[in-house]
Amino acid sequence: MLDPKLIRGDLTDLAGQLARRQFVLDVDHLSSLEASRKSAQVAMETLQAERNRVSKAVGQAKARGEDPAEILETVTELGHQLDAEKQRFDEAARDLQELLLGLPNVPDEHVPDGQSEEDNVEIRRWGTPRQFDGEAADHVTLGEATGLMNFDVAATMAQSRFVALRGELAQLQRALTQMMLDIHVSEHGYEEVYVPFLVNEEALKGTGQLPKFGEDLFRVALDRALYLIPTAEVPVTNLMRDKILSLDELPVKMVCHTPCFRSEAGSYGRDTRGMIRQHQFEKVELVQLVPPEQSQEAHESLTSHAEAILQKLELPYRVVNLCAGDLGASSSKTYDLEVWLPGQSQYREISSCSNFKDFQSRRLQARYRLEQGAKPELLHTLNGSGLAVGRTLVALLENFQDAQGQVTVPDVLRPYLGGKETLMARSK
RNA sequence: GGAGAGAUGGCUGAGUGGUCGAAAGCGCUCCCCUGCUAAGGGAGUAUACGUUGAUAGCGUAUCGAGGGUUCGAAUCCCUCUCUCUCCGCCA
């Protein structure tokens, strides 16, 4: 959520910044709502003060043994006026809140202009895509040939966009997860956490998936709605809900492996083949909470932590600065890491590293104090995939395949696979 | 799943309709006293919102959450959430 103070003053600047992401701010509507909130609140609080004062007089009169009938009459009349003003205020406050919750974050000044992913700006590349003699096989061909990757059986027991892995591929996924966690914990200084995979509505509001973006969530029908997490970002960031941290507890750096569940509504026909876009996938997520003046630097370092995994795996990738039009609603600035996929001959997103500034922490009330007695300030929140495990597995198969469909294991991963150097080896 | 008890400030805990944002203790901060240490004395110590030039005043709200009764609710009623104890079940 944006700072409500932002909408008190001149809205043209805010409207201009939001327009960069194709969001049209109804300035007149907003300022008239704000004006009625203000007048209703002043009127209501004045009446409340009056009522509190007179009501006390009732008690005092009774204590003196006097008959408070006369005072009671005036205070009853006050009560009626108050009800009317309270209703006016509740309405205005509710409408305003609803509108406010629907506003996206303001893009950072370093976010390039643009409308779609076409306008994203490449910042750097690492590694060189390998040249294949013929056409490179994609991960589906490679995986299904060995029977270790099966989409049909998954569709039979669930529906499309699920996969079943077995043998070396199931192990490979676990090995990747393990390796990523180990590196982030031991080399990058993150604390590993374990969290619920089902969360309530409040948690999703805290990180901004609700109220506006609920269509991508799986909801579990119970007496009280719970949702399967679309990303570990939701439960992990919510660990800091309503906290006031001291300086020596900062920065908070957490890493977490969870499955992620997305309904992928609105993506019919896109990436229907293979493991790129699934309803269920594994992800290792990095989350940081830092003082505001450190968030820009933290964004760079968090991104580099995700990049380190790709580098250790020797996977070519590029870093892209998302343009204003392609930015997620809660994010102020986002770097996407795109890994090279020979099966598609293109770079595909494998990590998304965002600085949310105080947009999430305002909803979550995640704060810190510079020193004891100082006023609590909102923290900045950041997160990024480090990495999406399913897509990493895809990248590995496609980049390290040979002509026989065998896959060479990168050195860093071998200890996690019992020293194995080759997967899906053709015997005989 | 059954039965019962509870939820109050950073913590412990009093408060069962009026002057209670809330006793007391602990913790913490500052000051005083004190050869050192220990002890002692004093002051302060929630958050949000509104108003404002103001982190000054003043006002409003908040005693798990939401609703209700009442002139007035931490206190009475309803619903929900959570915690604890006992029994059952269970990886």
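Just so it is clear: chains get the letters A, B, ... in the order the sequence lines come, proteins before strands, and each one is counted from 1.
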Assess whether a salt bridge exists between [X] and [Y], defined as any Lys/Arg side-chain N lying under 4.0 Å from an Asp/Glu carboxylate O.
X: A/E187; Y: A/K312; value: yes
X: A/R414; Y: A/D411; value: yes
X: A/R161; Y: A/E264; value: no
X: A/R94; Y: A/D90; value: no

When both hydrogen-bonding distances must be under 3.5 Å and the geometry is Watson-Crick or G-U wobble, what is [N] paired with, if anything?
N: B/A38; answer: none
N: B/G59; answer: B/C49
N: B/U81; answer: B/A7
N: B/U75; answer: none

**Fill in**
A/H80 atom NE2 is separated from B/C71 atom P, nearest whole Å, by 9 Å
**Request:** Measure from CD on A/E85 to C1' on B/G59 and round the result to the nearest Å.
**Result:** 16 Å
**Message:** Between B/U75 and B/U34, how many Å separate the two C1' atoms, rounded to a whole number?
**Reply:** 47 Å
**Message:** Using the P atom as the point on both nucleotides, what is the distance between B/A43 and B/C26, in whole Å?
**Reply:** 14 Å
**Prompt:** B/G59 base to A/E45 side chain: any donor-acceptor pair below 3.5 Å?
**Reply:** yes
For [N], does either OP1 or OP2 sit under 4.0 Å from a side-chain N or O belonging to [X]?
X: A/N52; N: B/G59; value: no
X: A/K56; N: B/C20; value: no
X: A/R51; N: B/U60; value: no
X: A/R367; N: B/A46; value: no

**Prompt:** Just wondering, are more than 12 heavy atoms of other shown residues or ligands nearer than 6.0 Å to CD in A/E117?
**Reply:** no
**Complete:** Of the candidates B/G18, B/G50, B/U60, the side chain of A/S55 sits closest to B/G18
**Message:** Within the 4.0 Å heavy-atom criterion, would you say A/R53 contacts the bases, only the backbone, or no part of the nucleic acid?
**Reply:** nothing
